[in-house]
Amino acid sequence: MLAALAWFAPTISTLAANDPIRPIANMFDPLGTPAKMIHDSSILVSIICLVIFIVVTAMLVYVVIKFPSKGAEDEKKEPPQVYGSSQIELAWTVIPILITIVLILVTTRTIGEIQDKKLPNEALRVRVIGHQWWWELEYLKQDGVDKDGKPVWKRDFITANELHIPVSDRNSTRPTQLILESVDVIHSYWVPQLNGKTDVVPNRTNHMWLDPWETGTYLGNCAEYCGTQHANMLIRVIVQTPEDFEKWCAAQRASVVEPPVGDALAVAGKKDYFANSCVSCHSIAGTVSRGVEGGVFGPDLTHFASRASFASGMAPITLDNIRDWLRDPHHLKPGVLMPNMQLTDTEVDQIAAYLMTLK
Amino acid sequence: MAHGSSTTPEDDFVITPTRPGEEKGSWSSVIQDLLFTVDHKKLGLMYIGSGLIFFVIAGLMAAAIRLQLAIPNAHFLEPDVFNRFFTMHGTAMVFLVGMPIIFGMANYLVPLMVGARDMAFPRLNAFGFWMFFFSAWFLYFSYFAGPGLYNAGSAPDVGWFAYSPLTSKAFSRGHSSDYWTLALLASGVGSIATAINIIVTTISLRCKGMTLGRMPLFVWTFLVVAFLVIIAIPPLSACQIMLLLDRYLGAKFFDTQAGGSAVLWQHFFWIFGHPEVYILILPGFAAMNEIVPVFSRKPIFGYPIMVGANVMIAFISLGVWAHHMFTVGMTSLGNSFFAISTMLVAVPTGIKIFNWIGTMYGGKIRFELPMLFCIAFLFQFLIAGLTGVMLSVAPFDWQLSDSYFVVAHFHYVLIGGLLFTIFATIYFWYPKCFGRMLSHKLGMWHFWLFTIGFHVTFFPQHISGFLGMPRRIYTYEAGRGWEIWNMMSSLGVILQAAGILIFVWNLIYSYRKGKIAGDDPWDAWTLEWATTSPPPDYNFEKTPEVRSRRPLWDLKHPDDPDWKYE
């Protein structure tokens, strides 16, 4: 009966063939440095808590088994009336304090190691900008130094939702720093196998860093309630070998190619795209499609078809899915801010064909 | 003492055990009586009764939420409807269920336990109740406003924590946030009135001989709770007023589009919200303090340190609010400070748990229903406390915060802790309130169905949290390893619902058919058991005099009274 409730079932979309997908984002299976640091202190804390749990449960079970009343006759004689014991009370005050001190030491050390880590200059910098309900990703490159010798960063290229970063060995010199910002409400960036979450807060810049050890696609979610489609603000991090990553970067920097003249559908689709108000929210680099005031309201579409999924990870990029989306975005993602453009079937086919040429 | 009459009760009243509403018979007279009463016992029962009604409503929403999450990609609830349900579920459970029921417990029991005839300010007491009652219906009225019931009206959809800037005009159009703000602002006024009443009653209306050191721990705990209410509610009211200024007068406190701060709200909210957790759980401790000794046949172990632990918990709880904000990007120093202060709460809480076990040790434990719920409380609150310690470790919290682990944690606190002690309270004091025992057989069904259902529902959520499942999501994709845990969670709800159904039936059935209780069915020691069941309007025929912490023990054991040991 429950299965009948599901009328659209997106499953995790496969990305590049040589990247294993890691669908289970188990925080106890860390595959990156900060996640591993968290994992180590978490294991210690979990063991301490488990031991306390076993000891106290044993005490409770013991008194419950050992001291039940044996009926009304037995109760006539009251048990010894004990009002307390200073030694015992002192013992179960001091022992927890000692355990707490251990926890405090572990915690503060791990906080310092992760939060106060100085990242090298070569670290990749990516601005992650939270939107209702998708992620804008701005890759930065160094552009000289200011007069204090600090590096100045400027935009390299822009993409959306799928974060590509290079893998590192365990002595990596090239971790990734994420610079987290939001343009609307609070979001939170969380990829459990790579790091804990950090909130993405408007009017504030937060930082986190990733340093993954293995290639593959890592899944995560927005972790702070951000409105209607909070549930489908998915995160995909694609960790690649440095060579693959550089290749990907080069492709992202490349300007868009015009749809081939022979592809009449796509050529017509391009015309439709620019004739409709798609251009006021979405950017395609090198064209007049720059969004209102050059800002980005909807995801950047420059190399749209080179991604594996759209709608912040909800659906794999296939012609059918894109057509469905263009016909009525709210069918796939109820409440999404992209309105139903009331496109005709022909327009839908043409624009979908055009989008698929944006490799 | 209805309507504050000052004549001495001995002249005016004949003691006949009556139930509320039975005196005059007709429905209209019962309703009139409830509308105009200032009697602390009737108000107490009205608080608990309305709390139970809202509990059923909020529970049905929880069931709908669990049905939607039973399988991935379900379309049983629309996202907006789901978001309204979880917001109203949380808001109602905290403000319309937890708060009124604990105020009901305090209202009914505190004056009886300190040997007073009523609360210090009976009319203020009635005012507090009606503020709560009307604000509660005002909140539910939001379902009928705006786009109406079908699309779930204008019910709040911003979460019970209402983080800015999601509540600002730009992101919360319509009136859903206004319903949330105004309803809770009004009920906060009532809460503060009631808290002041509890404090004044315990400070100034204790009967002869009841020093603070002889006051039942139940009353002590509620004294601490009342102070916490007075300290915690104003920051909430303040930020709610700021939010209204933002929304209606163009102020910019939380409006980030105009340069306001998103984090400011979180500070205000959690300066309220964290003590609120203790406002909700300390009454659970209060009930434990009375029930465990009676059913172990021993005095509470370490009375003075139990009082100290309450006060310590209250103090520390005021300095830990930002542990709800480990992920907003505080400095490492800030994170460390709040992690440390949070861990310290474990010490007094541990003392309490150990002292209850110490009370049971060497006793003659009677496994009556109130005691069963208390033992389940101990076990569940232990889990809740330890997962709390895990969450206080800030790096661990970066993984677990806003995941289903947190959902599991605070449901273990608030259901496994508070709700179980509320059940214990009702089974323990129902005979006092209505003169009849609750059915033991039905109670056992309730206990086992609900306890098992509770663990089946909430234990798996720890695991889905470890597997990266965030909270407040209306759906999730298949293949993330969450399906089985969510399905278990959803099935557990059926057992819980069956348990609640039996419990409600037991309340109704036993009111008419239950065994006659007598004045002191549990052979207990505090003053409320010295009067009739139910107590007369003026509580005590003669104001009692107290010489120890267990006045009725002294009466029953004249050869070995407690005051010999003080």
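First the proteins, then the strands, lettered A, B, ... as listed; each starts at 1.
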- Query: Knowing that exactly one of A:Ile186, A:Asp184, A:Val201, A:Asn203 qualifies, which makes a side-chain contact (heavy atoms from CB on, under 4.5 Å) with B:Pro165?
  - Reply: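 Option passing the side-chain contact (heavy atoms from CB on, under 4.5 Å) with B:Pro165: A:Ile186.
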Side chains of [X] and [Y]: does their closest heavy-atom pair fall under 4.5 Å?
| X | Y | value |
| --- | --- | --- |
| A:Gln132 | B:Phe171 | yes |
| A:Asp199 | B:Val263 | no |
| A:Trp190 | B:Ser403 | yes |
| A:Val56 | B:Ile357 | yes |
| B:Phe301 | A:Glu89 | yes |
| A:Val64 | B:Met360 | yes |
| B:Leu382 | A:Thr57 | yes |
| B:Tyr361 | A:Val82 | no |

By a 4.5 Å heavy-atom criterion (distance strictly below it), what part of [X] contacts chain A: side chain, backbone, both, or neither?
| X | value |
| --- | --- |
| B:Phe82 | neither |
| B:Ala346 | neither |
| B:Ser168 | neither |
| B:Phe405 | neither |
| B:Asp560 | neither |
| B:Trp356 | neither |
| B:Ile463 | neither |
| B:Arg471 | backbone |
| B:Ser261 | neither |
| B:Met306 | neither |
| B:Met469 | backbone |

- Regarding A:Asn232 and B:Tyr474, is there a side-chain donor-to-acceptor distance under 3.5 Å anywhere? yes
Atom of [X], atom of [Y] and distance for their closest heavy-atom approach:
| X | Y | value |
| --- | --- | --- |
| A:Ala25 | B:Arg480 | CB-NH2, 4.2 Å |
| B:Phe367 | A:Pro68 | CE1-CB, 3.5 Å |
| B:Leu166 | A:Val185 | CD1-CG1, 3.6 Å |
| A:Trp92 | B:Ile351 | O-CG1, 3.9 Å |

Spatial distance of atom [atom1] ([X]) from atom [atom2] ([Y]) [nearest 0.5 Å]:
| X | Y | atom1 | atom2 | answer |
| --- | --- | --- | --- | --- |
| A:Thr228 | B:Glu78 | OG1 | CD | 11.0 Å |
| B:Asp402 | A:Lys197 | CG | NZ | 6.0 Å |
| A:Ser188 | B:Trp398 | OG | CH2 | 12.5 Å |
| B:Met330 | A:Asn206 | CE | CG | 11.0 Å |
| B:Thr475 | A:Met314 | OG1 | CE | 7.5 Å |
| A:Ile104 | B:Leu344 | CD1 | CG | 5.5 Å |

Check whether [X] gets within reach of chain B through its side chain, its backbone, both or neither, counting any heavy atom under 4.5 Å.
| X | answer |
| --- | --- |
| A:Ile114 | side chain |
| A:Ser85 | both |
| A:Leu234 | side chain |
| A:Lys66 | neither |

- Message: Quick one, B:Arg550 with A:Glu78, criterion salt bridge (charged side-chain N to carboxylate O under 4.0 Å, His left out). Give me CA distance, side-chain angles, the key distance, then yes/no.
- Response: CA-CA 14 Å; B:Arg550 295 193 293 173; A:Glu78 302 273 356; over 6 Å; no
Chain A contacts, top residue of [options] (heavy-atom pairs, under 4.5 Å):
| options | result |
| --- | --- |
| B:Gly362, B:Gly260, B:Ser296 | B:Gly362 |
| B:Ala394, B:Ser172, B:Gly363 | B:Gly363 |
| B:Phe337, B:Phe86, B:Trp482 | B:Phe86 |
| B:Gly481, B:Gly350, B:Ser401 | B:Ser401 |

Are any side-chain N or O atoms of [X] and backbone N or O atoms of [Y], one a donor and one an acceptor, separated by less than 3.5 Å?
| X | Y | value |
| --- | --- | --- |
| A:Gln229 | B:Pro79 | no |
| A:Arg204 | B:Ala262 | no |
| B:Lys298 | A:Gln81 | no |

- May I have the step-by-step check of side-chain contact (heavy atoms from CB on, under 4.5 Å) for A:Thr110 and B:Phe396, ending in yes or no? CA-CA 10 Å; A:Thr110 314; B:Phe396 210 172; over 6 Å; no
- Check ion pair A:Glu224-B:Arg472 (N to O, under 4.0 angstrom): yes
- Task: Please lay out, stage by stage, how B:Leu467 and A:Asn26 fare under the test side-chain contact (heavy atoms from CB on, under 4.5 Å).
- Result: CA-CA 4 Å; B:Leu467 297 178; A:Asn26 182 356; 3.8 Å; yes
- Query: So, A:Tyr83 versus B:Tyr303, ring centres under 6.0 angstrom or not?
  - Reply: no
- Message: Taking the ring of B:Phe466 and the ring of A:Phe28, is the distance between their centroids below 6.0 Å?
- Response: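 Yes, ring centres under 6.0 Å apart.
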- Run the side-chain contact (heavy atoms from CB on, under 4.5 Å) check on A:Asn221 and B:Tyr476 step by step: do they pass? CA-CA 10 Å; A:Asn221 291 67; B:Tyr476 52 94; over 6 Å; no
- Message: Let's go through B:Lys364 and A:Lys77 carefully: what are the C-alpha distance in whole Å and the side-chain angles of both, what is the deciding distance for side-chain contact (heavy atoms from CB on, under 4.5 Å) to 0.1 Å, and is it a yes or a no?
- Response: CA-CA 10 Å; B:Lys364 289 181 177 168; A:Lys77 208 173 151 289; 4.0 Å; yes
